[in-house]
Amino acid sequence: MMARDKTEAFKRLAENRTNEALDAIRKIGNLSNRNNYSFSPQQIEKIFAALRSALDAAEHRFSETEEAAEDRFSL
């Protein structure tokens with residue numbers, strides 16, 4: 001019963017948070033309207049580099065084992 005509760009909680013939160021992230025990304029896309037905004041290629045690259053980095057870090061957290069997450073050396 002406990003695993004089912006955790007699975008349901010994950011599903012509920014994952015759907016909500018993913019939809020919020022997708023909405024935020026769409027809003028960033030709205031900034032591309034040159035009639036309303038002025039920006040440089042460097043600014044755009046900085047935005048998308050930050051997004052890629054955050055997404056890569058989040059994805060990496062799902063593939064970490066507890067041993068790898070510790071980040072400690074042992075023989």
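These numbers come from the heavy atoms of this one structure, side chains and all, not from hydrogens, waters or symmetry mates.
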Name the atoms and distances for all side-chain donor-acceptor pairs under 3.5 Å in residues 47-58, with sequence neighbours left out.
{"unit_1": "Arg52", "atom_1": "NH1", "unit_2": "Phe48", "atom_2": "O", "d": "3.4"}

Tell me, please, which residues at least two apart from Arg34 pass side chain to side chain contact (heavy atoms under 4.5 Å, CB included). Phe39

Could you grab the distance from atom OG of Ser38 to atom CD of Gln43, nearest 0.5 Å is fine? 7.5 Å

Table please: side-chain donor-acceptor pairs of residues 11-19 below 3.5 Å, with sequence neighbours left out.
{"unit_1": "Asn16", "atom_1": "ND2", "unit_2": "Arg12", "atom_2": "O", "d": "3.4"}
{"unit_1": "Thr18", "atom_1": "OG1", "unit_2": "Ala14", "atom_2": "O", "d": "2.7"}
{"unit_1": "Asn19", "atom_1": "ND2", "unit_2": "Glu15", "atom_2": "O", "d": "3.1"}

With rounding to the nearest 0.5 Å, note down the distance linking CG in Asp23 to CZ in Arg26. 5.5 Å

Euclidean distance, Asn36 CG relative to Leu31 CG, rounded to 0.5 Å: 9.5 Å

To the nearest 0.5 Å, atom NZ of Lys27 lies from atom CG of Leu22 at 12.0 Å

